[in-house]
Amino acid sequence: MAVDLLGQLRLYPLHEDAKPSYGTAGFRSRAELLPSTVFRCGALMALRAGALRQVTGIVITASHNPEQDNGVKLVDPSGNMLDSTWEGMADALCQAKTGHRAMQELTRIKQTWNVTTGGTVMLAHDTRSSANSLCQAASAGVAAVAGTAEAPLLLATPQLHWMVAQRNQGQPYSEADYFDSLLGAFEQLVSTFCSSASAQFWRPAFPPSPGKRQSPDSADFPLLTHLFVPQEVSVDAANGVGASKLAVASKRLNLLGLSIKLLNDGKAGGLNSNCGADYVQKEQACPSGFRSVIPGSRCASIDGDADRLLYFVPHKTRGIELLDGDRIAVLAATLLNRILQGRPAALPDSSFQEGAAGNEQVQMGIVQTAYANGASTAYVHDCLTSCKVVSTPTGVKHLHHAAAAFNIGIYYEANGHGTILFSPDMLAMLRQGQQGSWQQELSLLSKLMNQAVGDALSGLLLVEYALGRLGWGLQDWIDLYQDLPSRQLKVPVPDRSVFTTTHAEMRLLTPNALQGLIDSSVAVVEKGRCFVRPSGTENVVRVYAEAASQTEADKLANTIAQLIPEHCPVASNRSGGAYSGWPESLKRWLT
Ligand SMILES: CC(=O)N[C@H]1[C@@H](OP(=O)(O)O)O[C@H](CO)[C@@H](O)[C@@H]1O
Ligand SMILES: [Mg+2]
């Protein structure tokens with residue numbers, strides 16, 4: 001039966017306050033403004049599936065944003081985010097003011113891609129109360145172009161990305177398969193490489209002291225006799241979808257001695273409300289619900305859709321020691337570097353060098369953004385010399401592509417969003433490895449790490465494996481380098497599009513004159529670094545500052561934040577009517 005596309009589009013009109021724009025990770029706004037956007041994304045992803053004759057996906061989530069927000073993340077057949085060449089089409093379609101204009105956009109897409117009917121779209125959603133109605137809108141959009149929308153599943157974002165990728169490769173792709181793949185790899189890694197029998201082949205790590213990077217060979221450490229010491233990790237699940245998923249994983253992990261104590265598991269407390277990875281990183285504070293956690297213990301935090309992971313250690317006071325995404329990347333690079341050296345026990349200690357590549361043919365790289373702490377970048381340059389560092393604009397879509405250029409590409413945003421990619425050539429080579437070989441270890445790590453997108457569960461398993469394998473405690477990891485004090489602020493603006501950037505977002509092109517003022521403020525600050533960029537997920541401009549001391553970093557960030565209002569055009573009533581002039585919260589904050 002022919003579908004009345006125009007009639008359907010008119011059932012989902014663009015809300016007069018909506019201003020959809022494909023941002024850092026898809027479309028996001030207050031949930032009530034979204035039905036039109038979600039419907040149209042349903043149609044778009046069905047057409048993409050039809051054009052490529054593969055399955056695509058949609059996740060209804062606003063990740064770390066508040067409960068009342070929602071959004072759409074669009075999943076390409078590869079399992080990555082929507083190919084950037086389609087972002088413009090997504091914008092044009094979702095911004096079309098009328099059903100008629102939207103239909104013209106869909107017709108244009110059909111003609112350009114020579115596609116008449118939509119294909120299959122997998123749907124997922126997080127725990128937000130608006131999920132139900134938005135999933136219905138997405139399904140209706142898929143059906144409106146004669147595509148097939150599968151029943152929506154409650155999933156963490158990275159699970160759906162993984163499932164789409166697997167399915168298009170003809171591999172098992174259910175949620176149970178996802179857990180089997182990641183947890184099975186972890187189990188095999190621990191039993192093969194962390195047993196007392198294999199321990200003698202592994203040299204324990206040398207914990208360098210900050211500012212004094214000694215040769216790892218000067219360490220006076222005994223060989224370990226067993227490596228996987230039972231651990232307990234208290235995990236802040238942001239009161240989000242990750243809680244129920246981690247609960248599934250924790251049953252199997254318990255058997256290996258890894259006990260996950262779930263906090264902020266959604267039974268009380270709001271989604272991402274004073275908790276979750278974004279809160280912990282931006283506030284540099286302990287999440288709510290952690291009062292019973294003993295200071296000094298091992299803690300982690302994930303975000304509302306479980307694609308970000310951070311570790312932290314609560315102090316006696318409210319403060320924390322944060323082990324962010326940069327540090328996870330450095331830990332991963334250290335582990336991989338040592339595995340690549342395939343260092344058997346017979347080799348004399350003096351042949352071991354932290355930075356030297358174990359296998360010259362393997363190109364390993366770390367991909368960061370401007371938000372990476374300068375100390376982490378310096379550490380990789382100075383101490384992991386075989387590892388290249390690349391910087392890209394914010395957003396996994398950029399980091400992922402840069403990481404794919406390496407044989408082993410480690411990408412992490414400072415906020416804990418990331419994974420490790422293994423190139424097809426590398427995977428083919430690893431398949432030839434024998435039981436217990438370094439190739440097998442890397443091959444298992446490629447299964448542990450979600451190859452489609454950043455995944456908090458992958459990250460947690462990686463950190464626990466790496467620490468166990470290296471024989472490190474959290475303090476050894478912390479002691480690798482000392483973060484430069486930093487401060488991140490966000491300033492609400494009437495129209496963030498007036499802020500444009502260059503040099504991987506580290507410099508402003510517009511508003512004119514602001515970059516010059518930033519430069520002169522930075523010039524007088526010891527180890528100063530500061531940049532301003534528009535958020536791609538919120539109606540704010542973000543300010544990041546780094547300096548030799550916390551006071552200086554705070555001062556620099558505040559100075560620049562206060563310059564922003566005077567460099568913005570007078571507030572109009574755009575942005576969904578959210579601002580008419582500067583909000584009270586900003587005025588209060590500025591004084
Ligand atoms: C500074 C920061 O943390 N930015 C986050 C945030 O993007 P913004 O464009 O900065 O709003 O959300 C993105 C999606 O989750 C994430 O990829 C990114 O790292
Ligand atoms: Mg997220």
Side-chain angles (χ1 to χ4, degrees), residues 21-29 59-66 69-75 80-82 124-128 155-161 237-242 245 271-272 275-284 301-310 322 324-326 329 367-373 391-400 411-419 450 453-459 486-493 496-497 499-501 504-506 531-546 557:
S21 164
Y22 190 98
T24 314
F27 294 96
R28 235 173 252 193
S29 79
V59 190
I60 306 291
T61 179
S63 183
H64 61 280
N65 294 141
D69 287 2
N70 217 326
V72 252
K73 291 188 174 180
L74 305 179
V75 184
N80 308 156
M81 291 170 72
L82 176 68
H125 60 88
D126 67 15
T127 52
R128 287 176 162 81
L155 293 174
T157 294
Q159 290 185 298
L160 190 84
H161 282 262
N239 292 316
V241 65
K245 305 306 173 190
L271 176 67
N272 298 321
C275 64
D278 199 62
Y279 172 85
V280 170
Q281 191 219 7
K282 305 279 168 18
E283 301 295 323
Q284 301 183 10
S301 180
I302 65 174
D303 71 335
D305 66 338
D307 59 2
R308 292 192 196 177
L309 170 84
L310 300 166
L322 181 66
D324 62 5
D326 306 335
V367 186
Q368 303 184 318
T369 71
Y371 292 100
N373 193 283
S391 193
T392 70
T394 304
V396 165
K397 60 186 180 186
H398 300 294
L399 288 105
H400 192 99
Y411 75 85
Y412 270 93
E413 295 188 300
N415 59 32
H417 210 172
T419 190
N450 192 326
V453 82
D455 184 326
L457 178 58
S458 280
S486 68
R487 177 62 60 203
Q488 218 188 114
L489 297 174
K490 51 184 183 182
V491 183
V493 290
R496 61 187 146 128
S497 69
F499 292 81
T500 58
T501 60
E505 301 178 319
M506 286 183 237
F531 64 90
V532 167
R533 63 171 275 280
S535 161
T537 60
E538 296 171 55
N539 250 323
V540 299
V541 166
R542 297 192 194 279
V543 179
Y544 177 88
E546 219 170 73

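Each residue takes its place number in the sequence, starting with 1. Atoms within each ligand, like the ligands themselves, are counted from 1 in listed order.
A salt bridge links Lys73 and Asp307; the closest N-O separation between the charged side-chain nitrogens and carboxylate oxygens is under 4.0 Å. With respect to the salt-bridge test (charged N to carboxylate O, under 4.0 angstrom), the residues Asp278 and Arg308 qualify.
Here the rule is side-chain hydrogen bond (donor to acceptor under 3.5 Å, both in side chains) with Tyr411, and of His398, His417, His400 only His400 fits it. Looking at Arg28, Lys490, Arg533 one by one, the single match for salt bridge (charged side-chain N to carboxylate O under 4.0 Å, His left out) with Glu538 turns out to be Lys490.
Considering only residues two or more places apart in sequence or on other chains, Phe499 meets the ring pair (Phe, Tyr, Trp, His ring centres under 6.0 Å) condition with none of them.
Of the N or O atoms in Lys73, none lie within a sub-3.5 Å distance of an N or O in ligand 1. Residue Thr537 places at least one N or O, backbone or side chain, under 3.5 Å from an N or O of ligand 1. The shortest N or O to N or O distance between Gln281 and ligand 1 is not under 3.5 Å.
Distance from atom 9 (O) of ligand 1 to its nearest protein heavy atom, with residue and atom name: Thr24 OG1, 2.4 Å. Atom 15 (O) of ligand 1 has its closest protein heavy atom at Arg308 NH2, 3.3 Å. Counting protein heavy atoms only, atom 17 (O) of ligand 1 is closest to Glu413 OE1, 2.7 Å. Protein heavy atom closest to atom 2 (C) of ligand 1, with residue, atom name and distance, is Asn415 ND2, 3.7 Å.
Each of the following atoms of ligand 1 lies closer than 4.0 Å to a heavy atom of Gln488: 1 (C). Which parts of ligand 1 touch Gly536 is read off a 4.0 Å heavy-atom cut-off, strictly below it: atoms 8 (P), 9 (O), 11 (O). Near Tyr371, the atoms of ligand 1 lying under 4.0 angstrom from a non-hydrogen atom of the residue are 1 (C). Residue Arg533 approaches ligand 1 through these ligand atoms, each under 4.0 Å from one of its heavy atoms: 8 (P), 9 (O), 10 (O). Residue Thr394 approaches ligand 1 through these ligand atoms, each under 4.0 Å from one of its heavy atoms: 4 (N), 18 (C), 19 (O). Atoms of ligand 1 lying under 4.0 Å from at least one heavy atom of Lys282, given by number and element, are 2 (C), 3 (O).
A donor-acceptor pair under 3.5 Å is formed between the side chain of Asn70 and the backbone N or O of Thr61. Looking only at distances, no side-chain donor or acceptor of Ser486 sits under 3.5 Å from a matching main-chain atom of Glu546. Of the possible polar contacts, none joining the Ser535 side chain to the Val541 backbone as a donor-acceptor pair under 3.5 Å is found. Between the Glu413 side chain and the Gly395 main chain, a donor and an acceptor come within less than 3.5 Å of each other. Judged purely by atom type and a 3.5 angstrom limit, Asn272 uses its side chain to pair as donor or acceptor with the backbone of His64.
For the Mg ion (ligand 2), protein N, O or S atoms under 2.8 Å: 4 in total.
Between the side chains of Thr369 and Glu505, no donor-acceptor pair of N or O atoms lies under 3.5 Å. Between the side chains of Ser458 and Asn450, no donor-acceptor pair of N or O atoms lies under 3.5 Å.
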